[in-house]
Amino acid sequence: MTCDPRVLRRPLLVGLIPAVWTVVLGLWGLSRQNSVWRDEAATWQVARRSTGDIVRMLEHVDVVHSLYYLCMHGLFAGFGPSTTVLRLPSVLAVAAAAACVALIGHRLAGAYVGLGAGLALGLLPAVQFYLQEGRPYALVAAGSAASTLLLVNALRGWGRKRTWAAYACAVLVCGWLNWLALLILPAHLITLLWSRAPRGVRVRWAVAAGAATAGVLPLALFSLGQSGQVSWVPPLTWHMMIGPAILLAIGGLGGLLGRRTGTGTGTAERTGAAGRTDRTGRADRTDPADRAGRPGPAGTVEPPGPVTGSPSLAAVGLPLLAVPQLGLIALSLVKPLFVDRYILFSLLGLALLIGALIGRAVDEVARRSRPAARCVLPVLVAVALVALLPQSLAKRSPASRVDDVLAAAERTRQLKHDGDGVLFIPAARRDTWLVTPDAFTGTRDIALAETPEESGTLKGVEASPARVRAAMLAQRRILLVTDAAGVARPTRGRRDRTKAEVLASHFTLVSDERIRGRRVAVYERLAPAGGG
């Protein structure tokens with residue numbers, strides 16, 4: 001298999017091939033053996049609520065994901081809840097991001113770079129993880145890729161009003177999916193400065209970026225009142241910097257070698273003009289990637305030359321990779337927030353810089369044998385796929401996540417008796433019931449005072465410790481759903497301590513099973529001292 005020169009002459013195919021490739025990777029093992037972990041369970045149970053119940057919940061919790069929850073509510077209402085409906089939006093989002101990355105690489109540095117970057121994105125281990133995740137991070141990556149493509153188009157002389165309007169909308173949507181996505185704006189600003197963009201372009205970018213930020217600001221300010229949701233994020237430590245340091249090192253290498261490759265990377269940002277002009281002085285709007293790819297000797301494809309006014313691949317990729325990483329680190333010095341999924345979109349920059357490395361490899365081989373150069377990209381992708389196969393398989397197994405809500409619910413279905421009481425420690429493990437309520441038919445949640453819908457919360461409101469104790473003592477048999485050892489945190493709340501104390505003092509354990517990160521136990525009431 002080689003890269004057909006006809007493919008390299010068609011930008012549409014350069015974007016389409018990585019998109020299809022990513023969809024295939026995403027559909028592979030999509031159900032993860034019919035497992036759903038706790039974060040996805042939040043999406044599942046919220047999406048099944050009415051619109052009014054979702055809005056009421058957002059007043060108290062998870063407003064940062066408001067747009068995503070409402071979108072998933074519409075999909076669940078239209079297609080029904082399932083692991084496919086839960087995760088397919090992420091698959092399609094990453095596929096769209098891969099297409100945008102490929103087009104960016106193609107326009108800035110040639111078809112081999114674009115194809116390499118687009119295909120590499122879906123193979124990155126972190127991307128493979130969130131490619132099949134029922135959460136909004138892949139959608140943020142798609143919007144970030146679209147906004148970066150629009151910025152590149154504007155810098156290449158296509159900065160019409162509709163381009164900047166679309167840019168502002170893309171950033172706005174990203175911000176409403178997760179306001180930390182606004183970290184892409186300083187990355188784009190560095191790209192503008194690095195590329196020596198004309199003043200008019202910088203002004204139009206500032207207007208579009210300001211409009212998007214103003215649209216996201218109310219959400220960001222309101223979400224600060226719910227900052228307790230991220231209290232679980234640990235403070236920043238030196239060992240947490242290892243991952244970002246490795247990514248930045250790889251990105252720096254890609255940027256350095258990309259500037260030396262013959263694909264045009266790193267040559268155009270110095271010109272500072274808005275675009276080429278023909279002999280009449282009119283701007284030439286032809287995509288250089290379209291002008292490139294013309295048949296050369298022996299049917300090979302000539303790389304594009306520098307494009308006046310076009311940024312380099314390094315000027316786009318390096319800030320996109322580095323600024324979100326460093327920005328989140330800086331924010332985490334004020335409040336712990338460093339979680340890699342919050343800035344998944346920064347890996348778009350890494351993919352672009354990997355594309356530059358691939359372009360350099362193609363150039364080196366082409367100097368010796370142009371026909372052999374066509375085989376470089378397929379061979380590199382095949383080698384990467386094989387090398388990453390163990391990780392790819394691991395990320396598609398239930399063990400890749402901390403727990404499995406559906407497995408615990410199914411075991412509960414098998415163990416329950418009519419009239420059993422059910423307890424959840426901590427209360428957040430109630431998601432087992434909320435995702436699969438039919439598994440608990442015939443049982444009673446003896447600690448619950450207000451349902452999640454009634455209270456506008458994710459986990460509901462439980463009764464006072466005294467009432468929980470009385471309800472437990474009225475039961476002959478109790479099912480406990482909790483975290484497995486190694487996953488569970490120390491019981492801190494008074495209510496949960498009361499549950500544990502009553503079970504230990506007045507009940508005997510008759511069944512105790514660990515199922516994919518959760519524990520389902522059955523307790524029966526001890527006989528009173530002295531018999532009957």
Side-chain angles (χ1 to χ4, degrees), residues 11-12 14-16 18-19 67-68 70-71 89 92-108 114 117-118 121 136-192 195 197-217 219 274-275 283 285-290 307 309-311 315-317 319-320 323-324 344-346 348-349 351-352:
L12 179 62
V14 171
L16 183 61
L67 179 59
Y68 177 70
L70 291 170
C71 290
L92 298 178
V94 177
C100 290
V101 164
L103 291 174
I104 293 169
H106 188 205
R107 290 175 182 176
L108 297 182
L121 180 66
Y137 309 110
L139 279 68
V140 173
S144 300
S147 66
T148 303
L149 177 60
L150 289 165
L151 180 72
V152 168
N153 287 344
L155 285 170
R156 290 164 56 82
W158 301 345
R160 302 180 181 91
K161 289 182 179 179
R162 63 186 180 188
T163 301
W164 290 112
Y167 175 85
C169 289
V171 175
L172 177 65
V173 171
C174 286
W176 271 86
L177 288 168
N178 188 331
W179 62 263
L180 286 172
L182 293 181
L183 287 170
I184 199 171
L185 292 177
H188 286 171
L189 176 59
I190 291 176
T191 296
L192 289 171
S195 304
R199 182 178 181 276
V201 172
R202 297 198 305 270
V203 169
R204 286 187 284 274
W205 174 84
V207 171
T213 302
V216 176
L217 192 58
L219 172 71
R285 302 299 185 189
T286 305
D287 190 337
D290 295 337
V307 181
S310 177
V316 175
L320 188 54
V323 172
L344 180 70
F345 61 91
S346 69
L348 302 170
L352 285 169

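All residue numbers in this chain count up from 1 along the given sequence. When reading the values below, keep in mind they use all heavy atoms of this one structure, side chains included, and skip hydrogens, waters and symmetry mates.
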What distance separates [X] [atom1] from [Y] [atom2], expressed to the nearest 0.5 Å?
| X | Y | atom1 | atom2 | result |
| --- | --- | --- | --- | --- |
| L180 | L344 | CG | CG | 12.5 Å |
| L139 | C71 | CG | SG | 7.5 Å |
| L67 | L219 | CG | CG | 9.0 Å |
| L320 | T148 | CG | OG1 | 5.0 Å |
| L150 | R162 | CG | CZ | 11.5 Å |
| L182 | S144 | CG | OG | 9.5 Å |

Indicate the atoms forming the closest heavy-atom contact of [X] with [Y], along with that distance.
| X | Y | value |
| --- | --- | --- |
| G15 | A102 | CA-CB, 4.1 Å |
| A145 | L348 | N-CD1, 3.5 Å |
| P319 | I190 | CG-CG2, 3.7 Å |
| A170 | G143 | CB-O, 4.0 Å |
| A154 | W164 | CB-CZ2, 3.4 Å |
| A181 | F345 | CA-CE2, 3.8 Å |

Step by step, work out the side-chain contact (heavy atoms from CB on, under 4.5 Å) result for R107 and L149. CA-CA 10 Å; R107 290 175 182 176; L149 177 60; 3.6 Å; yes
Residue pair V316 / P311, side-chain heavy-atom distance below 4.5 Å: yes
Give a yes or no answer on whether the side chain of S147 reaches the backbone of Y167 with a donor-acceptor pair at less than 3.5 Å.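 The answer is no, because no donor-acceptor pair under 3.5 Å joins these two groups.
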Sole residue of V101, L121, L108 in side-chain contact (heavy atoms from CB on, under 4.5 Å) with L352: V101
